[in-house]
Amino acid sequence: MIDDRRQGERREEKERVRRRMHARVDPDKYDYYPEKEQADLFDENAHWRVGIYVRVSTDDVKQTTSYELQKRYYEEFVAKHSEWTLVEIYADEGISGTSRKHRDAFNRMVEDCHAGKIDRIICKSVSRFARNVEDCIGIVRELAALNPPVGVFFESECIHSLKDESQMGLSFQAIMAEEESHTRSRSMEASLRMRLDNGIPLTPKLLGYTHDVEGNLIINPEEAPTVKLAFYMYLYGYSTQQIADTFNAIGKRSYLGNINWTSSGISQILRNERHCGDVLTRKTYTIDYRSHKKRANRDGQRPQSRYRDHHEAIVSRDDFIAVQRLLDNAKYKNKSILPELMVIDSGILKGFVVLNPRWGAFSAEDYLRASMSVYPQSEETERPSSSGDKEVQVEAEAGSFDLRGFEIARSELFDSRSHPSVSFYDRKVKFSGSCVDRFGKQNFVELLINPVTKMFAVRPAERDNRSGVLISRYQEGKFRPRDIPAAAFSDKLYTLFGWSMERKYRITGCLCEKDGELAFIFEAGDSETFFKPFMIDRGEDVGQPLTPSGKRIRAVPVEWAQSFGQQFYLHERSFSALAEQRKEDWALLLKGELFDSGKRLKVTDFEVLKDYIQSQIGDIPLSEVELTHG
């Protein structure tokens, strides 16, 4: 019963559909509007405003021939169609098709399409139009969506972009064009690696050199003086902008023959190692064959080779290295040519190395070797330890108190704000108010570090001290602490002290003063640390106990939680040692000895620099330029 009823319903529904399909229309009540006749988008005899796009990918002379032939061919091609009007031949010469960047003619053509100036684009092939699938398909669809639509005719593939049946073929050809570019990129990379593996570096043309018949770099006698003058002026004290201004004034020409020097252009000359006879390969590499974006090869992303004395040098290697250090440290406002690594060889500050806040050329290892150089190498027992001795031999007289086990309480456990301290954070150094108050008007100071004992110190310095910094500023009738920039050395200091760059550290120190000489000394092992709460979630060892401190959390070394302070006799021994110091041993203001870190350079003599510069710049007095030479 149920099945018969359902089958009956289905038959009735089908019958209703048949009746609707055979419905009769009353002609008196029905109007029909035919579509307007559409222009035949593929009619060769229709009137079209035509844009031609041609492109060659390199500036090679042979490609110029192809470029001119393409232009002539399409001029004749359009002329054969009497109804066509040539709008413009849009031509990009020496431009890659993998990106729209720098393709000025191509981008202008697309803009003209949007402005309604073009009906049809003709291009030799899909690969000439674009070698990027996204660009090719995207732009074709963008043009097809215009009103009226703009079609692209690819002659070699005989593809009309507005034909529905052409979409698969166009997509396939676009993929092939992009993959062909990718294959060429891999081939060029393999070719470059083979050249480097076989000792054949690339040596493109640059100012000061030309190539002989075998492709070797030889000095160009007309251009070499320009390069030498740039190096000598920078060593003498001119800035890159001053050198550029001078070159423009005296008419020095670039290797392209231009007289339009800029600061960055001078920097490029000074940074090029080929001017000292070396060749460093793969200084940059292409990260993406589509965008052609380049990145500096600083961290070993690609193999590199250095060829020393590969060709005749225009400037000495020591001059070149000195210039590199000057350039590297320009951001720290350092104006010295040679790095000065000074280490104190006696007195309370023995082993302390002077920190230069405007010189970043030294590594953590350089500071450590400098400090170790003043300690006996064969007598390890005489070398100080940052941890201190755990056992002390004490001679006691009859009736004296036995104070073993007693400790001198740490001042940090009480009101730390009244004690001298120094903080390190965000590549800055800042001393507490008690330190600043003690220095008073002597607020020009020198910073020192002892990597062996892991100590930090500060002492007054003369105003002409190149390593000196201001510890405070006079405001509202009082000297107030200031942030001391430490970008040039903070990462080395953190490394030597075993600290994390993510944290802030504070060390409470002690004042050492005698016969008018003073210094504050801080031991890194007794540092408080301040960190962001998320570091606890990462499971890091943050110390204990933990207490809130503003937006950070304060932690102290584990040893502090296990004791009140330093053992009594250890504390007494350290103070008695200070009391027994002779004046010549005390020497808080003892100047450091120059440590030979292996970085000493034989830079061209000052007078030689001066004479050469004067011979090149002619009547322009050196005094007209504000020099920075010391």
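Along the sequence shown, the residues carry numbers beginning at 1. All values below were derived from every heavy atom in this structure, side-chain atoms included, with hydrogens, water molecules and symmetry-related copies excluded.
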_The criterion is side chain to side chain contact (heavy atoms under 4.5 Å, CB included); which residues satisfy it with Thr226, sequence neighbours excluded?_
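For Thr226, the residues satisfying side chain to side chain contact (heavy atoms under 4.5 Å, CB included) (neighbours in sequence not counted) are Leu207, Phe247, Lys252, Trp261.
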*For Asp437, what residues pass the side chain to side chain contact (heavy atoms under 4.5 Å, CB included) criterion, not counting sequence neighbours?*
Lys478
Does some side-chain heavy atom of [Y] sit less than 4.5 Å from a side-chain heavy atom of [X]?
X: Leu470; Y: Ile484; value: no
X: Arg55; Y: Arg103; value: yes
X: Val422; Y: Phe431; value: yes

*asked:* Tell me whether Arg108 at atom CZ has more than 12 heavy atoms from other residues, nucleotides or ligands lying less than 6.0 Å away.
replied: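 More than 12 heavy atoms, drawn from other residues, nucleotides or ligands, come within 6.0 Å of this atom.
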_Crowding at CD, Glu222 (>12 non-hydrogen neighbours, <6.0 Å)_ = no
*Evaluation steps, side chain to side chain donor-acceptor pair (under 3.5 Å), between Asn272 and Gln268*: CA-CA 6 Å; Asn272 200 314; Gln268 288 178 6; over 6 Å; no
Shortest non-hydrogen contact from [X] to [Y]?
X: Ala130; Y: Asp135; result: CB-CB, 4.4 Å
X: Ala488; Y: Pro357; result: CB-O, 3.4 Å
X: Met455; Y: Phe352; result: CB-CZ, 3.6 Å
X: Met501; Y: Asp491; result: SD-CA, 4.1 Å
X: Met233; Y: Ile613; result: CA-CD1, 3.7 Å
X: Ala457; Y: Leu349; result: CB-CD2, 4.2 Å

*asked:* Assess whether a salt bridge exists between Arg317 and Asp309, defined as any Lys/Arg side-chain N lying under 4.0 Å from an Asp/Glu carboxylate O.
replied: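 Asp309 and Arg317: salt-bridged.
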Approximate separation, where rounding is to 0.5 Å, of [X] [atom1] and [Y] [atom2]:
X: Leu206; Y: Ser254; atom1: CG; atom2: OG; result: 12.0 Å
X: Ser363; Y: Lys492; atom1: OG; atom2: NZ; result: 8.0 Å
X: Arg482; Y: Gln475; atom1: CZ; atom2: CD; result: 10.5 Å
X: Asp319; Y: Thr604; atom1: CG; atom2: OG1; result: 3.5 Å
X: Ile449; Y: Phe489; atom1: CD1; atom2: CZ; result: 8.5 Å
X: Ile344; Y: Asn450; atom1: CD1; atom2: CG; result: 9.5 Å

_Chi angles and distances behind the side chain to side chain donor-acceptor pair (under 3.5 Å) call for Asp483, Tyr425_ = CA-CA 10 Å; Asp483 288 336; Tyr425 59 97; 2.7 Å; yes
Treating [X] as the side-chain partner and [Y] as the backbone partner, does any N or O pair qualify as donor plus acceptor under 3.5 Å?
X: His311; Y: Asn216; result: no
X: Ser527; Y: Ala524; result: yes
X: Asn248; Y: Ala244; result: yes
X: Asn465; Y: Glu462; result: no
X: Ser371; Y: Tyr367; result: no
X: Ser472; Y: Pro481; result: no
X: Gln324; Y: Phe320; result: yes
X: Asp92; Y: Ala105; result: yes

*Is the NZ or CZ atom of Lys350 both under 6.0 Å from the centre of the six-membered ring of Tyr375 and within 45° of that ring's axis?*
no
*Please say which of Ile269, Leu229, Thr240 ends up in a side chain to side chain contact (heavy atoms under 4.5 Å, CB included) with Tyr234.*
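Of Ile269, Leu229, Thr240, side chain to side chain contact (heavy atoms under 4.5 Å, CB included) with Tyr234 is met by Thr240 alone.
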*Looking at the rings of Tyr505 and Tyr494, which for Trp means the six-membered one, are their centres under 6.0 Å apart?*
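Yes: the rings meet the under 6.0 Å criterion.
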*What class does the angle between the rings of Phe456 and Phe522 fall in, given that below 30° is parallel, 30 to 60° is tilted and above 60° is perpendicular?*
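Plane angle between 30° and 60°, so tilted.
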